[in-house]
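Notes follow once the structure below has been shown.
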2 protein chains.
Amino acid sequence: MSKRVGIREVAAAAGVSVTTVSHSLSGGGQLSDATRKRVRSVAESLNYTPNRLASGLRSKRSQIIGFVSDEISTTPYAGNMLLGAQDAAAAHDQVLMVVNSNRNAQLEARGIDALLQHRVDGIIYARMYHQAVELPAALSGVPTVFLDASNESSDLSSVVPDEEGAALTAMDHLIEAGHRRIGYLNNIDDIPATRGRLAGYRAALAKHGIPFDESLIALSESMTGPGRDAASRLLARPDRPTALFCFNDRIAMGAYQAAHLARLAIPHDLSIVSIDNFEVLADALLPGLTSIALPHYEMGRWAAERLAAELAGEADSPPEQIRMHCPLVLRQSVGPPLR
Amino acid sequence: MSKRVGIREVAAAAGVSVTTVSHSLSGGGQLSDATRKRVRSVAESLNYTPNRLASGLRSKRSQIIGFVSDEISTTPYAGNMLLGAQDAAAAHDQVLMVVNSNRNAQLEARGIDALLQHRVDGIIYARMYHQAVELPAALSGVPTVFLDASNESSDLSSVVPDEEGAALTAMDHLIEAGHRRIGYLNNIDDIPATRGRLAGYRAALAKHGIPFDESLIALSESMTGPGRDAASRLLARPDRPTALFCFNDRIAMGAYQAAHLARLAIPHDLSIVSIDNFEVLADALLPGLTSIALPHYEMGRWAAERLAAELAGEADSPPEQIRMHCPLVLRQSVGPPLR
DNA sequence: CTGTTAGCGCATTCAA
DNA sequence: TTGAATGCGCTAACAG
């Protein structure tokens, strides 16, 4: 290996000073285009790779964004948020340093500490399911934006899915297909999604003048097995619903199974819509499951973009707290009601 | 904010020199336990946070590991590899800087360049599906280990699943349950998994003295729909197999659907085993799908651990190329053959 | 056992 | 328009 080439080697080779090189490369200073170009080509031919540790140390900008999440692993959604954030960060010449806590506060604290030691410029504090969070103490004073997470009393920017709107979209679709007795398989946890989607369910009914019937709601854990049981309960009723709106695709898969067990054909005897658009399921089910997509990629992107803006803008832009639209993805699980 | 506290502030407050502080904190040097402890507590009380940019610049060790993958997003496996790598890295006081290329060589090159600019100590070059890869040119000379990827002609360490062993385990399970006519729904792509699992399938047959019957093999894309079609073909035969071994869980889901369509009960009329143990499917299917787990977390861990060892050991340890064992996860999709 | 000192590679005044 | 000099915060000789 040849000796590592630094800014001074480039300067020597180009016959200029290090200052000129620095300016040429970073776009700063007042240089003639000629020198700038020449320096750049010299740098390239020398295979120069700027040392961001040094420039970060000097300029107090590491160009690193910390991404802390609760669990990147189990959820299949995670990846898209990360990806969105990464793409946006890359556009700003930043790179992501990721840390996840596995829902363990102590690990999270350690991870955050590591990020801070590496002098990340800012942090994206993400959750894999939309939830209310507290800003960790260590992060006070650090530029931070919440991703798929929010905090009422905080003045930080955040982005979450529009839960209520998502449910409304799903229900509108069902109601426009002609359904009026629509069961809702809701999640059992007390999280924003549970509350927001229920609100959307009710809002849709109200909007279309359909009375709300508490008995059409069944609660279930967000998994297929429990979803199946809950759906079976609803389908066993003499006046069974003609359509089911499901909290998520895993529960919807349970609803499919319950329908099979009850010898109900989808969508002929029963229509189903859910939320997640988790393709491994929604696309695989027979028939394909019509589902509302959660905009994970877009949220990730927005968070990184927003953070970059806050890092750039010296002292403007009040925090924004966004609820992002969730689009309907049509497949084959909805048809007109039987009767 | 109080002025940022650095090593010199700590030194002043503790009444020692910066060297002593540095040594106390890093564990180096020959200090009395007393001073070491005192310095540490002073540092803590001052809320000192070491600046890794500076220490990295000076020591030429950023303590950052680059993690480059092809697509973190779509696959649900990804997370666990990242997680394993992260856990192992954290144990070595390292942190992960992640970059993914979305299967785009140009993006990958840019990402790698960014990592190199940040002076990562080493790189984990990962694929989300086991595949043969070439080491990117930019990485020559950089400590690298392959994760779920390998390169025959390279002298780098790598870890991949033991594809053949996985298939063997699955087949043994079926054969021990009494099956002899076992169909194989293989993937259609020419990748190590396709070849390895087929080899395992044949090895298992040979081991138990069962003749290989080419016609019991059906090819399918690794998705549920195509898997369903392929399974239907096999199940339509007059001498249909009593069991199906599936390339992965998505194909297995298709096999379940084909069984339903053919009015075959699982496992009464048809046993199924597959590979992936992708819980969102395997656990959700009715009955639960017996599947071989791919050791993603463990591979991720191994890769980071191995890289750390290479970074520590100056010039020992020849490269290791590991095939990792894949354990069987029992659920309810296997029973004795009907006849 | 502890302190002094000299850079790591770069960005940035300030002068020329 | 360019160059010389200074130090970001820390580690690692080397001295004491």
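Nothing here was measured: the structure is a model prediction, and the numbers come from that model. Each chain gets a letter, A, B and so on, in the order the sequences are listed, and its residues count up from 1.
With rounding to whole Å, Q117(A) atom CD is found 15 Å from dG9(D) atom P. Protein atom CG of L25(B) is 16 Å distant from nucleotide atom P of dG9(D), rounded to whole Å. Distance H118(B) NE2 to dC8(C) P: 22 Å, rounded to the nearest Å. Put simply, CD on Q63(A) is 16 Å from C1' on dG9(C), counting in whole angstrom units. In this structure, R8(A) places its CZ atom 15 Å from P of dG3(D), rounding to the nearest Å. Atom P of nucleotide dG3(C) and atom NE2 of H23(B) are separated by 12 Å, given to the nearest angstrom. Regarding R61(A), its CZ atom lies at a distance of 11 Å from the P atom of dT12(C), rounded to whole Å. The nearest whole Å value for the distance from the CD1 atom in I7(B) to the P atom in dA6(C) is 17 Å.
Considering only side-chain N and O atoms, T19(A) lies nowhere under 4.0 angstrom from the phosphate OP1 or OP2 of dG3(D). Between S17(A) and dT2(D) there is no side-chain N or O to OP1 or OP2 distance below 4.0 Å. For dT2(C), the OP1/OP2 oxygens have a side-chain nitrogen or oxygen of T35(B) closer than 4.0 Å. Taking side-chain N and O atoms only, K60(A) has a distance below 4.0 Å to OP1 or OP2 of dG9(D).
Comparing V18(A) and T20(B) by the nucleotide of DNA chain C that holds the closest heavy atom to each, the one mapping nearer the 5' end is T20(B).
In this structure, E310(A) pairs ionically with R306(A), as a charged nitrogen and a carboxylate oxygen lie closer than 4.0 Å. Salt-bridge formation is detected for the pair D93(A)/R52(A): a Lys NZ or Arg NE/NH1/NH2 atom is positioned less than 4.0 Å from an Asp or Glu carboxylate oxygen.
Proximity of Y48(B) to V21(B): side-chain heavy atoms (C-beta onward) are nowhere separated by under 4.5 Å. In this structure, T144(A) and L307(A) have side chains that are not in contact, with every pair of non-hydrogen atoms separated by 4.5 Å or more. Side-chain contact between K37(A) and R40(A) is absent, with no heavy-atom pair separated by less than 4.5 Å.
Between dC10(C), dT11(D), dG3(C), one nucleotide has an atom nearer to the side chain of V16(B) than all others, and that is dG3(C).
Below the 3.5 angstrom threshold, one finds no donor paired with an acceptor across the side chain of S59(B) and the base of dA12(D).
Although no hydrogens or angles enter the test, the distance criterion places a donor-acceptor pair under 3.5 Å between the side chain of D121(A) and the main chain of Q63(A). With hydrogens and angles ignored, the 3.5 Å screen pairs a side-chain donor or acceptor of Q131(B) with a backbone N or O of Y129(B).
Under the 3.5 Å distance criterion, with hydrogens and angles disregarded, a donor-acceptor pair is assigned to the side chains of N151(A) and S153(A). The closest side-chain donor-acceptor pair between N104(A) and E108(A), if any, does not fall under 3.5 angstrom.
Rotation axes derived from the C1' atoms of the five outermost pairs at either end of the helix from dC1(C)-dG16(D) to dA16(C)-dT1(D) lie 30° apart, to the nearest 10°.
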What's the verdict on side chain to side chain contact (heavy atoms under 4.5 Å, CB included) for M324(A) and V160(A), showing C-alpha distance, side-chain angles and the deciding distance?
CA-CA 6 Å; M324(A) 204 167 266; V160(A) 297; over 6 Å; no

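Against DNA chain C, the stretch residues 46-58 of chain A makes heavy-atom approaches under 4.0 Å through Y48(A), P50(A), N51(A), A54(A), S55(A), R58(A).
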